[in-house]
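Following: one structure in structure tokens, then a few remarks.
Just the heavy atoms: all of them, side chains too, but no hydrogens, waters or symmetry mates, feed the values below. Throughout, a chain's letter reflects where its sequence line sits, starting with A, and its residues are numbered from 1.
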There are 2 protein chains.
Amino acid sequence: MATRKKTTRKKATKRSAQKKKGGARKKASAAGDADIVERIHATDEETIDQITGTAKRVHSSIMKGIKPDLSLPVRALSNVSYSASRGYLQIGRQKKVRTLSVNTVKSFAQTLRMMGLSKELVRNNDFATKREAYYISKNWGDAKFDEQVESDAAMDDIEALFSVDNVSREQLRFFPEEHGGSVSGPLVVIDEDATGQITRIDCARFGTGAFSVPSSVEQLRFETTADFVLLIETAGMFQRLQSHRFWETANCILIEMGGVPTRAVRRFVRRLSDAHKLPVYAFVDCDPYGIANIYRTIKVGSGSAAHVNKFFCVPQTRFLGVTPDDIVEYELPTHPLKDVDVKRAKDALKNDPFFQSQPRWRKALEQLVKMGVRAEQQALAMWGLNYVIDEYLPRKLEHTDRFLP
Amino acid sequence: MATRKKTTRKKATKRSAQKKKGGARKKASAAGDADIVERIHATDEETIDQITGTAKRVHSSIMKGIKPDLSLPVRALSNVSYSASRGYLQIGRQKKVRTLSVNTVKSFAQTLRMMGLSKELVRNNDFATKREAYYISKNWGDAKFDEQVESDAAMDDIEALFSVDNVSREQLRFFPEEHGGSVSGPLVVIDEDATGQITRIDCARFGTGAFSVPSSVEQLRFETTADFVLLIETAGMFQRLQSHRFWETANCILIEMGGVPTRAVRRFVRRLSDAHKLPVYAFVDCDPYGIANIYRTIKVGSGSAAHVNKFFCVPQTRFLGVTPDDIVEYELPTHPLKDVDVKRAKDALKNDPFFQSQPRWRKALEQLVKMGVRAEQQALAMWGLNYVIDEYLPRKLEHTDRFLP
């Protein structure tokens, strides 16, 4: 095996050497993209500085004969609060201090190795998924992880550690396994891949297909003439609006969330909306899941990942529909709420800091529970397959000021 | 409501009128696409003829005073067999005859209404998802469906009925809710959307992103210089190959399946491979799920939808890896097989007509059960993040003749 390992290592070095050369050449040739590359690489330098800084603190403690420690934010619901001003669920000040000792030496070493991996990834303009990181550790000798849950936790710790300094997981080059999310409309995405090549993607040129959001969107830049972003819950509804080029008639960017949106999709929407001051409207089913899970997650983030919500939530999102009032006004066919639906709605009213801070939402959720029914966004098809395009959405978009917060 | 319904209907008519005009104008202007449009519309005419033909048979029986009936293929595993010559699981000759009677009048009427909807969709160059079809039926008076399961079943019956005459569900314009599947590489997809506009999509120009396969791919045409199609199980592995432009070095088309591929993805691969005589290679985890579920479904189809396998399976697919032999040769980190894995493997050996007909597969599955372990495709990361790109895939692709069938 030694031989294979060596060849691999050699290869790896050769690769990144080629990559740098290739990358540089391509970049030089890519007119007008120099500034983008600049900005991308500035972020990378910051990330490396953060990692090196932390490593140096550990190193100097050791030199001084002091037991080194790492102080990590506590990743638990008990340490989460809703900031109305910031507009998202944020992690609190509680820290757990991991001090190097006989008992912690392995996890301490693993944490540092994981940080080292991150630095290496940034240097090589590469990335690793949680699963890949787990397998890479198999070559870390005693510091190797026995189970992926352990390496996942170590990655989450580092993610939390650096989130304090506004370094996101994607900047650390730890990418999620899943991506997904379909995009179409008057939007040009400017992207740099691992080989350093810059590409311009016109999301208005996908026919009935769409642009699939990559795992990491940190390197993306955007050009758009759109007036707003429309987030859609179901693939079926996205397909309808996309096939009929609703993005053209409404001059908006259509994004399919496919249920609760992945981090990649949330970060994509956040960066796009921030970059061009675009309003974001959510179009989901009228049920506790659509409201308390999908909409809540995209707008204020999730409780379980509060330490990264500042990167992933989109506080400027507003709720287009389907609202409980729509069920009445449009006489939509409904389904009775299941017990789980009612429980979800009551939990949101009782425990969710976001809904508690929003009187209009409290009213809407109470109304829904009182009505005892739910309606899917495709229920509008009762009035004709394209009623949603011809009537519902245009009417709604005339009064965006009335959207739920 | 009467008013709303009327406006909707008027709108609808206006829409399709505009659409036809718009469509025609755009088509005329789209140079070189005339023949494509021709072919698309020829298929539509066939579909309409099939529907009209069936309706006429029912009508003439009634005129003759005979009870009309529809004879539908039985959609059950008991009526499924594996055709080694055709290379897929196919539906048998068993039929259930639905005769119009007092007891069947509602379901009979619903079946005819559903056929009528299909004809209307083809005429308007539109489509409906199962869910939309359910809601549309709410305006069918006594023929309306009370539950979506009923309308789904009616749609499946019609799908089976016309599959006998080689009319696919997508030709009937019944589209699945889900789509997904990411594509990148030297491939130009030529697409016509519902407004009749033709678009050319270059799948080599997506940076780290990708082309997201639409719900229906019937209207797509392809131009490619690729040598083969590489199907990838996980989003994480796809992202690695895509980010490092493996499609360029290997001159192939990368397609992410995201677990068991959707019908849209399977049909996309099938049509692409057929159109350009492209070999298709599958790269999945080495476990009973990757082999007996993912690979088996893409290659020979699924037992539960045997009546449409002829459209959705890709019999020319071959198995690149990860194979049980790879686990040994590449000394991959493994996980022990769970009981469910062992059960799945044994079921495949005992009950699956495809694996039973393939001695090499029987041997491989028995070997896997004997080894008692499974390996994920990303386990190759143990030898370096890009070992899969630098070593594993190139070595494998030198001997495609050795791939499992």
Side-chain angles (χ1 to χ4, degrees), chain A residues 1 4-5 7-9 11-12 15 126-129 131-132 135-136 138-139 175 177-180 182 189 191-195 197-199 201 205-216 219 234-236 239 243-245 258 331 333 376 378-379 381-387 390-391, chain B residues 1 4-5 7-9 11-12 15 126-129 131-132 135-136 138-139 175 177-180 182 189 191-195 197 199 201 205-216 219 234-236 239 242-245 331 333 376 378-387 390-391:
Chain A
M1 285 323 306
R4 173 172 299 128
K5 277 188 217 159
T7 47
T8 316
R9 292 226 187 72
K11 275 258 177 205
R15 278 185 58 79
D126 209 337
F127 64 90
T129 64
R131 186 164 293 168
E132 287 174 326
Y135 286 115
I136 289 166
K138 295 294 183 185
N139 269 327
F175 290 7
E177 281 290 333
E178 89 292 345
H179 52 98
S182 300
V189 176
D191 188 5
E192 179 193 22
D193 67 22
T195 67
Q197 179 149 331
I198 298 280
T199 319
I201 302 134
R205 311 261 315 128
F206 280 101
T208 60
F211 174 63
S212 172
V213 175
S215 300
S216 174
Q219 80 286 5
T234 63
Q239 198 67 58
S243 300
H244 290 277
R245 301 173 72 85
E331 297 176 28
E376 292 162 331
Q378 285 168 306
M382 174 179 177
W383 304 117
L385 269 176
N386 294 305
Y387 183 80
D390 300 326
E391 299 281 335
Chain B
M1 285 322 305
R4 172 171 298 130
K5 278 187 218 161
T7 46
T8 317
R9 292 230 189 71
K11 277 257 177 204
R15 280 185 56 81
D126 208 337
F127 64 90
T129 65
R131 186 165 293 168
E132 287 175 326
Y135 286 115
I136 289 166
K138 295 295 182 184
N139 268 327
F175 289 9
E177 282 289 334
E178 89 290 347
H179 51 98
S182 299
V189 177
D191 188 5
E192 180 194 22
D193 67 22
T195 68
Q197 179 150 332
T199 319
I201 301 133
R205 312 257 319 125
F206 288 134
T208 60
F211 172 65
S212 172
V213 174
S215 300
S216 174
Q219 79 287 6
T234 63
Q239 197 69 56
Q242 159 68 338
S243 300
H244 289 279
R245 302 173 71 85
E331 298 176 28
E376 290 161 334
Q378 284 166 305
L380 290 155
M382 175 179 177
W383 304 117
L385 270 175
N386 294 305
Y387 183 80
D390 300 326
E391 300 282 334

Taking all non-hydrogen atoms of both residues, which atom of [X] and which atom of [Y] are closest, and how far apart?
| X | Y | result |
| --- | --- | --- |
| A:Gln219 | B:Thr208 | NE2-OG1, 3.1 Å |
| B:Ser243 | A:Phe127 | OG-CE2, 3.5 Å |
| A:Ala381 | B:Glu132 | CB-O, 4.1 Å |
| B:Ser182 | A:Ser212 | OG-OG, 3.1 Å |

- Message: So, taking the atom named CZ in B:Arg131 and the one named CD in A:Gln378, what distance separates them when rounded to the nearest 0.5 Å?
- Response: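 CD of A:Gln378 is found 5.5 Å from CZ of B:Arg131.
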- Does any N or O in the side chain of A:Asn139 come within less than 3.5 Å of the main-chain N or O of B:Trp383, such that one atom is a donor and the other an acceptor?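 Pair absent, no side-chain N/O of A:Asn139 close to backbone of B:Trp383.
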- Query: Is B:Gln239 reaching over with its side chain to a backbone N or O of A:Ser215, donor-acceptor style, under 3.5 angstrom?
  - Reply: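 At least one qualifying donor-acceptor pair exists.
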- Query: How are the rings of A:Phe211 and B:Phe206 set to each other: parallel, tilted or perpendicular (split at 30° and 60°)?
  - Reply: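 The arrangement is tilted - the two ring planes meet at 30° to 60°.
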- Message: What verdict does the side chain to side chain contact (heavy atoms under 4.5 Å, CB included) test give for A:Arg205 and B:Ile201, after you've listed the backbone C-alpha separation in whole Å, the side-chain angles of each residue and the deciding distance to 0.1 Å?
- Response: CA-CA 7 Å; A:Arg205 311 261 315 128; B:Ile201 301 133; 5.7 Å; no
- Item | Close side-chain approach of A:Thr234 to B:Thr129, heavy-atom, < 4.5 Å |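 A:Thr234 vs B:Thr129: side chains apart.
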- Task: Please look at B:Gln242 and chain A and tell me whether the side chain, the backbone, both or neither of the residue comes under 4.5 angstrom of a heavy atom of that chain.
- Result: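 The answer is neither part of B:Gln242.
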